Each structure stands twice: as C-alpha cells, then as structure tokens.
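The structure under discussion appears below in the form of structure tokens.
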Amino acid sequence: MAENQKTILLTGASRGIGRAIALVLASEKHKLVLCARNVSKLDETAAACREKGAEVFTLPADLSKADVPGNVVAKSITHFGKLDVLINNAGIAKSAALEEVTLEDWNSMMDLNARAPFLLAKHAVPFLKKSNDGVIINISSVVGRKGYPNQLAYSASKHALTGLTRVLGRELQKDGVRVHLIAPGGVSTDMIQMARPDLNPDELIQPEEIAELVAFLLSSNGNGMVDEFNIRRKSSTPFD
C-alpha cells in the first residue's frame, strides 16, 4: 500500500468536477468508491481511473432518496473495510425566478445538494474518526455566499451546505477530522452550460483546477489549514 493511500468516497463522479477529481485521485493510486446516477458515464470514469492503476468500486445511486446515502456508506465499508475521505460533489441546479420555482424544484435541489451531504456525513463520520486523517470535502459554489437572480433554490441549497460545513468543522476538530468547503465561481461543466449557454467555457474555471485543489487538501494534514476556499478566475467572469 502506498504510504499516503486513502480510501475515498466521491459522489457525482460521472462527469464534470467529479470526473476530474476521480482522475486526479486515481493517478495518486487512492482507493476510490465512485458514486453517481448515470451508470454509463460512471462506468466510463471508473474505467479511466483503473487505467491509471487505481482500485475502484462503483456505486450507481440516487442520493436524493433519503435511505440511499446510508446504504452507500455501508456498501463502501463492506467493500474496502474502511473510509478515510468523503467528498460531497453531487449536485443539481436549475435557473428560475421566484414565481417559476416549483416546490418540486426546491425539494430536488435541497434533497441532493444539502440533505444528501448531511446524511452521508452522518453515516461516514464514525469511520472517519477511526482514520488517521479523516477528511470531508464539500464542493459548493460562489452562490453559497452571494446572491444571483434566478438562482433562488440552488443558492439556498448551497448556503445550507456552507453552514453544514462550518458547523461540522467545529464539531469534528477534536476528533481529528478535517472539514473543507470549496466554493468556486463558474466552472466549465455540462451543468453550467445548460443553465448559462451564453457563457464562454474558455473564460470559466476548469474542472481540473478544482481537482488539483482537492488533491492538495488530501496531501496536507497540518494544523494550519484554512477551511474554506473561494475560487475565481483572474479576469472578471460571471459568478465571481
């Protein structure tokens, strides 16, 4: 086993930021549990990770269902026997003004973007406490600290994730579990292209930039780490 090899549960691993994170962590030979709803895309990511020499276990799952996060953690433990890192990356977004936001829209974003990370953390923490370096990384967004028109439900869900992260960081500090929040501006992914097709992908943050930051966090276990990273491009771009 590599000296710094970790067992990592990564959600939303089939595309975008999640896929980029999976590939970077695979190149470092971590053991990966990859979770996503899209089976074919998840299998593609897993195959690419295995080509890099990583041991991979795939878990197709819909984390928006209340009973699924606990099952995902349990299956991860059954397969690998331990868990060192939880990366909550899965999320959905829909742009709509207040009058157009339906209760279904609100619930779907809250269920996946906020409730799922809460439940995953709740079930994972007992195992993370047993790790020599337990870590939770939550992938949020700039909308989790700023308000933008037509982003009501999405912004509320990411604000909830921000609050969750800050409280968990305080609660788990005594147990040696680090909790980080990554809150980027616009990232060039399928999700943002659907929500904002007017944006130029070349002017947005690239998924690989987020993945490199995740790898850095996992390689740094000192006591002086900051707990929140707000990332934006050097030039002025939407969602800065």
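This chain uses plain numbering: 1 for the first residue, then up along the sequence. Computed from a predicted structure; not experimentally measured.
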Check your understanding: Does CD in Glu44 sit with more than 12 non-hydrogen atoms of other residues, nucleotides or ligands closer than 6.0 Å?
Key -> yes

Check your understanding: Is there side-chain contact between Ser157 and Trp106, with heavy atoms separated by less than 4.5 Å?
Key -> no

Check your understanding: Yes or no on side chain to side chain contact (heavy atoms under 4.5 Å, CB included) for Ile77 and Phe127, after CA distance, side-chain angles and deciding distance?
Key -> CA-CA 9 Å; Ile77 297 300; Phe127 301 99; 3.6 Å; yes

Study note, to complete from the structure: Closest non-hydrogen atoms of Gly18 and Leu10, given as atom of the first, atom of the second and distance, are O-CD2, 3.4 Å

Exercise for review: Using a 4.5 Å cut-off on heavy atoms from C-beta on, say whether the side chain of Arg37 contacts that of Ile92.
Suggested key: yes

Check your understanding: Do Thr165 and Asn138 get their side chains close enough for a donor-acceptor pair, meaning under 3.5 Å?
Key -> yes

Review point. Where do Asp84 and Lys82 land on the salt bridge (Lys or Arg N to Asp or Glu O under 4.0 Å) test, with the steps shown first?
Key: CA-CA 7 Å; Asp84 301 302; Lys82 60 176 292 193; 3.2 Å; yes

Review point. Any idea which heavy atoms bring Ala90 and Asn113 closest together, and the distance?
Key: O-OD1, 4.3 Å

Review point. Between Asn38 and Ser40, is any side-chain donor less than 3.5 angstrom from a side-chain acceptor?
Key: yes

Practice item. Report the residue from Asn89, Val24, Ile17 that forms a side-chain contact (heavy atoms from CB on, under 4.5 Å) with Ile210. Key: Ile17

Check your understanding: Any ion pair linking Asp133 and Lys6 (charged N to carboxylate O, less than 4.0 Å)?
Key -> yes

Revision key, fill the gap. For Leu161 and Ile139 the tightest heavy-atom approach is CD2-O, 3.6 Å

Review point. Considering only heavy atoms from C-beta outward, does the side chain of Asn107 approach that of Asp105 to under 4.5 Å?
Key: no

Revision key, fill the gap. For Arg115 and Ser64, the nearest pair of non-hydrogen atoms, with its separation, is NH2-O, 2.6 Å

Practice item. Using distance alone, with no hydrogens and no angle criterion, decide if Ser108 and Asp111 have a side-chain donor and acceptor under 3.5 Å apart. Key: no

Check your understanding: Should we count CG of Asn132 as having more than 12 external heavy atoms under 6.0 Å?
Key -> no

Practice item. State whether the side chain of Arg15 and the backbone N or O of Lys41 hold a donor-acceptor pair below 3.5 Å, judged by distance alone. Key: no

